[in-house]
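First comes the structure, then the notes that go with it.
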Number of protein chains: 2
Amino acid sequence: MNLKSLAQHLGISASTVSRVMAGRGDEFRIAKETQKHILDEAAAMGVRPDELARSLRLQSTRTLGLVIPDISNPFFAALARAVERRARALGYTVLLADSQESDEVEAECIRTLMDRRIDGLILAPVGGDSAHLQPLIASKLPLTQVDRVFTALKTAAVVADNFTGAREAVKRLVKLGHKRIACLQGREDSSVIVERVRGYRAGLSEAGLRFEGKFLVGGEHSQAIAREHTLRLLEMKPRPTAVLALSNQLALGALEAVRERGLIIPEDLSLIAFDEQPWATLLSPPLTTLAQPVEDMGTVSVDRLCELIKRGGKPSRKALTTLPVRLIERASIGTKKKD
Amino acid sequence: MNLKSLAQHLGISASTVSRVMAGRGDEFRIAKETQKHILDEAAAMGVRPDELARSLRLQSTRTLGLVIPDISNPFFAALARAVERRARALGYTVLLADSQESDEVEAECIRTLMDRRIDGLILAPVGGDSAHLQPLIASKLPLTQVDRVFTALKTAAVVADNFTGAREAVKRLVKLGHKRIACLQGREDSSVIVERVRGYRAGLSEAGLRFEGKFLVGGEHSQAIAREHTLRLLEMKPRPTAVLALSNQLALGALEAVRERGLIIPEDLSLIAFDEQPWATLLSPPLTTLAQPVEDMGTVSVDRLCELIKRGGKPSRKALTTLPVRLIERASIGTKKKD
DNA sequence: ATGAAAGCGCTAACAG
DNA sequence: CTGTTAGCGCTTTCAT
């Protein structure tokens, strides 16, 4: 059932039906009676305009693409939820794609989405290399980067204040007397990690502590790898007395290692982790976290993108939005006891 | 840039270009040379067929809809990931919608997806009432239900063996000497919960224990509500010595309550929870879980749906697929000590 | 105030 | 082997 057959059924033209269904009946001064007639019959027959045909005709799909590296990472799940909700509120549908932490899959996802003629794209890039994003940039598709971003690409971008978050965490640890503070990182080429490591080093340096390369470990967003690196940290002599884990997945790996070695938090090791999670408070002891403003990041990304779409893809002045990170202090950090 | 302009540019017809771009050049015995020419130029100019126009013409979008109640629930996130991955492998794109545990939003999601002319839908219904799904059923859109299902609706369906899982968990607890085993449920009208509660009661009854209504608490998929109900359980005299939590979110609520009351697991209370999670092993003590085959559920849902699409929506014989649940025993359950 | 006709970009039937 | 033509369902001039 489509508009045309409904029109025939009612003995009027498809144009009139189309105008009424688009809510523009008054604008075209179509008889109230006719309007009611059409609307009633459409509802009764369950006729709705074919979005596909509309999109083709209007050259607009009212669909946004969202590409994230891993939907099973709760941070990105929360981000997706926020994006979806805001987009829905603004009348957009979201096409979600999971790039599986792979540049190749990411490029493929973006191609697929572009083939579907999305109106705009929100991209949380895998990181590292941006070469495969060239066609996307060249296409002039309205684009907002979120979380991990390539600042070299001149697009709107929404990020958490990763630098300040990490720096404040380190400063807090220093205040508790820690001098050997290690940092467990993910992919070193992701902007998020770069910023957090920068914050980590700034925190050390502002406290007059020397940065030690051997205390900066990791290099992948994986719990298993994080566990291994933490095990190695714990074997060092003297070993670090505190660890800053740069994501929730990495924190889980660190916790595994600590447990395996039979060490106690915070007596043997203080731990702070990025990403607040429902289970953080239920660990023994509860975990100190750096809560990212993930809801806001999703909402603002959509808003930025929609502005961009309205402006026809012309970039705005204020390209980068930075949202604050909050330190939630719990019992996983304590005064350094032994040395 | 589109096929037509590419055709003009090359001085050949759009049909030929279309056929070559669809990879059917050989089928139409188009000169190898022409083919190469077209493909090269298309690649050089970045021309790709407009999926929108193709879909309209072919009356097929190669898009599947996926509606889940809550993407921020890691179980559904994992499901979405599996669905996305399998669909991609089969050449489909997935439109994901989050119904936010609301029947109204769910109905709205389904309408939006149908307007976009998806080829099929995978639905994890909110539960309870299926009245709002009538239009969907009537539309004959290929449909697979997953996780929560309405068995009254004659559609393909993929579920975990919730009944057996819950029953085995109870039997294990009974074997450890427990006699007062409570059950913390989610929405009682969801099929998943109904089955798990049925398994819980079967487990009790097979052990010769009486089912006690006051030990079956809860009614919402929320950590906060679960906490409150558990607090109430812990106030009972005599109080239960073991709890079966019917989801990961409920388990977190239960853990909150236990901690607040200063009780020790498993000495004061044994706990088993549905859903295996990365943090389960890191709790103190590690949590005994019932691992759902979430990867398989996603994969099989897509496969079932694609079969259905191929068969033109005709339902198959074997409508319901049940996949096994696995009990992962850890230290959160123990012999009943005091009474 | 409403209708007829063209066209969004593509593919398939038919023609040659 | 390749081209011409019609039409998927819609919206929008342009005409009346």
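Chain letters run A, B, ... following the sequence lines, proteins first and then strands; every chain starts at 1.
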## Note on the structure
Sorted by position of nearest nucleotide on DNA chain C, 5' first, the leading residue of Arg57(B) and Thr16(A) is Thr16(A)
### Task
Report yes or no: do Ser18(A) and Ser15(A) form a side-chain donor-acceptor pair below 3.5 Å?
no
Under 4.0 angstrom, heavy atoms only, what part of the nucleic acid is [X] near: base, sugar-phosphate, or nothing?
{"X": "Thr34(B)", "result": "sugar-phosphate"}
{"X": "Ala22(A)", "result": "nothing"}
{"X": "Leu52(B)", "result": "nothing"}

From the list [options], which nucleotide is the closest neighbour of the side chain of [X]?
{"X": "Ser15(B)", "options": "dG9(C), dG9(D), dG3(D)", "value": "dG3(D)"}
{"X": "Leu56(A)", "options": "dT2(C), dG9(C), dT11(D)", "value": "dG9(C)"}
{"X": "Asn2(B)", "options": "dG3(C), dT2(D), dG9(C)", "value": "dG9(C)"}
{"X": "Gln59(B)", "options": "dT11(D), dC10(C), dG9(D)", "value": "dG9(D)"}
{"X": "Leu58(A)", "options": "dT12(D), dC10(D), dG9(C)", "value": "dT12(D)"}

### Query
From Leu10(A) CG over to Thr16(A) OG1, what is the distance, rounded to the nearest 0.5 angstrom?
10.5 Å
### Query
Checking only heavy atoms, does the side chain of Arg117(A) share a donor-acceptor pair with the base of dG9(C) at less than 3.5 Å?
no
### Message
Rounding to an integer number of Å, can you tell me how far Gln8(B) CD sits from dC10(C) P?
### Response
12 Å
### Query
Does Ala157(A) offer a backbone N or O that forms a donor-acceptor pair with the side chain of Thr144(A) under 3.5 Å?
no
#### Entry: Short side-chain N/O contact from Arg24(A) to OP1 or OP2 of dT12(D), under 4.0 Å
yes
### Task
Indicate whether OP1 or OP2 belonging to dT2(C) is found under 4.0 Å from a side-chain N or O atom of Arg19(A).
no
